[in-house]
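The structure under discussion appears below in the form of structure tokens.
All values below come from the heavy atoms of this structure, side chains included, with hydrogens, waters and symmetry mates left out.
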Amino acid sequence: MGTHLDQTFVSEGNWKPDLFAGKVVFVTGGAGTICKVQAEAMILLGANAAIVGRNPDKTIEAAKDLQELRKDCKVIACPNVDVRKVESIKQAVDKTVEELGRIDFVIAGAAGNFLADFNHLSSNAFKSVVDIDLLGSFNTVKATFNQLRQNKGSILFVSATLHYYGIPFQIHVGAAKAGVDALSNALAVELGPVGIRSNCLAPGGIEGTEGLQRLKRNVQKNIESVPLQRIGTRRDIAESTVFLFSPAASYITGTVHVVDGGLWHTGHSATSEIYPVVITEKNSEPVLKL
Ligand code: COA
């Protein structure tokens, strides 16, 4: 899913070809469609990368794929890592430092998502998403902190726009991402004095991603609602990622960069067509499972 960035991102793009030469990016959720394009951009501009994921096949496959992007790059796979377990991330960090020498940039992108209304969202389902997105983000910084401190590195959390107002069917993700934004802001303040920057990137609907795939039936209608009159692309995510890690953003910390063409300002959500009919049906009987 989702096409690769290619050499034109460098040859005809906005960035110096060797912008991240000698640097290493550590990406959780790196096999996913959003985080993989972030890794692609960093690799094309000179970085080496560690792709960290829970699913072994997907993670190894993504790392192999990324390895093809630049002749002299080193991309390692860190499979079987569950961000809910800090020790599991620590092992990936140790492997990365051993094989790539250092970590300069951290992308905390591992996420869980599905559409579910409150009545059909169990306590455990809510916990799973908060654990993966919020605790997982905390754990990722915890495990990489020493490297970030040594290298005056930078963190980018993958957030969302779901918690700026109440969006139905996304209670779990909204709550988790609100926490991620809060975590990033406080880290910016605490870690700024040791030279570490912390920011969030909040994608809207991005074509060719798992997130949008789940909402496919609404996409066409939604384009007209986007102030910039188009759906987001993976390249839009790549450009913002490069900017936030680049020296151009050296005075930027504690921010949330929304990459959604202005959509959230309109109050239009991808679930609005199924509201309130579906939510009324969903609430017709209380689900007995807690
Ligand atoms: N609707 C309602 N509940 C759901 C659900 C859905 N579509 N999918 C999972 N759950 C619930 C499960 O029923 C379970 O709750 P229960 O124990 O009360 O039955 C709970 O979530 C945990 O599910 P589990 O299968 O044990 O998964 P997990 O803890 O390993 O977490 C998830 C993984 C739940 C986040 C899963 O959706 C996932 O792996 N998704 C793929 C990755 C992803 O979504 N990436 C984001 C791309 S946008």
Side-chain angles (χ1 to χ4, degrees), residues 24-32 34-35 38-39 49-55 59 78-97 102-114 123-164 170-203 211 241 244-245 252-257:
V24 175
V25 61
F26 182 91
V27 192
T28 73
I34 292 270
C35 302
Q38 297 182 292
I51 304 305
V52 183
R54 189 156 60 123
N55 181 310
T59 308
C78 302
N80 304 305
V81 174
D82 188 331
V83 292
R84 291 172 281 197
K85 299 190 178 80
V86 70
E87 276 306 325
S88 151
I89 311 175
K90 182 65 172 55
Q91 283 171 12
V93 169
D94 291 346
K95 177 178 170 179
T96 305
V97 173
R102 57 192 287 143
I103 294 169
D104 301 274
F105 305 117
V106 171
I107 297 176
N113 195 7
F114 46 80
S123 173
N124 191 44
F126 181 85
K127 181 181 186 309
S128 284
V129 173
V130 170
D131 280 357
I132 296 168
D133 287 36
L134 179 53
L135 177 64
S137 292
F138 177 88
N139 287 345
T140 301
V141 180
K142 200 79 190 159
T144 53
F145 177 58
N146 212 15
Q147 281 296 309
L148 286 168
R149 205 177 47 80
Q150 278 177 32
N151 302 324
K152 299 201 186 306
S154 182
I155 311 159
L156 191 56
F157 296 95
V158 180
S159 185
T161 60
L162 299 162
H163 49 294
Y164 300 170
Q170 292 279 268
I171 286 176
H172 42 314
V173 189
K177 296 302 193 190
V180 169
D181 288 2
L183 171 68
S184 174
N185 292 344
L187 284 173
V189 175
E190 285 203 19
L191 306 186
V194 293
I196 300 172
R197 294 186 298 114
S198 174
N199 291 289
C200 293
L201 189 155
T241 301
L244 288 167
F245 281 145
I252 297 179
T253 194
T255 70
V256 179
H257 279 244

Can you tell me if Lys95 has over 12 outside heavy atoms packed within less than 6.0 Å of its NZ? yes
Thinking salt bridges, do Lys177 and Asp181 make one under a 4.0 Å N-O criterion? no
Shortest non-hydrogen contact from Val129 toward Ala176: O-CB, 4.1 Å
Provide the closest heavy-atom pair for Cys200 versus Val180 in the form atom of the first, atom of the second, distance. SG-O, 4.2 Å
Please give me the minimum heavy-atom distance between Cys35 and Val27, naming the atom from each residue. CB-CG1, 3.8 Å
For His172 and Ser128: C-alpha separation, side-chain torsions, deciding distance, then whether side chain to side chain contact (heavy atoms under 4.5 Å, CB included) applies. CA-CA 9 Å; His172 42 314; Ser128 284; over 6 Å; no
Any donor-acceptor pair under 3.5 Å from Asp104 side chain to Gly153 backbone: no
Spell out, as yes or no, whether a donor-acceptor pair under 3.5 Å connects the side chain of His163 to the backbone of Val173. no
Check Gly109 against Val158 and note the closest heavy-atom contact, atom names and distance. CA-CG2, 3.8 Å
Please examine the side chains of Gln147 and Val97, heavy atoms only from C-beta on, and report whether any two atoms are closer than 4.5 Å. yes
Kindly compute the distance separating OG1 (Thr253) from CG (Asn185), expressed to the nearest 0.5 Å. 9.0 Å
Euclidean distance, Ile171 CD1 relative to Leu162 CG, rounded to 0.5 Å: 11.5 Å
Spacing of CG belonging to Asp133 relative to CZ belonging to Phe138, to within rounding of 0.5 Å: 15.5 Å
Side-chain heavy atoms of Val130 within contact of Leu135, under 4.5 Å: no
Ser198 and Ser184: side chain donor to acceptor below 3.5 Å: yes
I'd like to know if the side chain of Thr28 reaches the main chain of Ala110, judged simply by a donor and an acceptor atom lying under 3.5 Å from each other, with no hydrogens or angles considered. yes
Rounded to the nearest 0.5 Å, how far does CD1 of Ile132 lie from OG of Ser137? 11.0 Å
Would you call Val106 and Val141 a side-chain contact if the rule is heavy atoms closer than 4.5 Å? no
Measuring from His257:NE2 to Ser159:OG, what's the distance to the nearest 0.5 Å? 12.0 Å
Side chains of Leu156 and Phe105 in contact at under 4.5 Å (non-hydrogen atoms): no
Has Asn80 got a side-chain atom pairing as donor or acceptor with Asn55's backbone, closer than 3.5 angstrom? no
Any side-chain heavy atom of Phe26 sitting closer than 4.5 Å to one from Ile89? yes
Ile107 and Val25, any side-chain heavy atoms less than 4.5 Å apart: yes
Steps toward side chain to side chain contact (heavy atoms under 4.5 Å, CB included) verdict (Ile155, Leu148): CA-CA 8 Å; Ile155 311 159; Leu148 286 168; 3.7 Å; yes
Please find the pair of heavy atoms, one from Ile51 and one from Ala31, that lie closest to each other, and give the distance. CG2-N, 3.9 Å
Minimum heavy-atom distance between Leu134 and Gly179, given as atom pair plus value: CD1-C, 3.4 Å
Under 3.5 Å donor-acceptor, Asp82 side chain and Arg54 backbone: no
Val83 side chain near Ser88 side chain, heavy-atom distance below 4.5 Å: no
Looking at Arg197 and Leu244, would you say the former's side chain and the latter's main chain have a donor-acceptor pair under 3.5 Å? yes
For a 4.5 angstrom cut-off between non-hydrogen side-chain atoms, does Leu187 reach Phe157? yes
Would you kindly say whether Asn113 and Gln170 are connected by a side-chain donor-acceptor distance under 3.5 Å? yes
Distance from Thr96 atom OG1 to Arg102 atom CZ, nearest 0.5 Å? 13.0 Å
Under 3.5 Å, side chain of Asn151 to main-chain N/O of Ile103, donor-acceptor pair present? yes
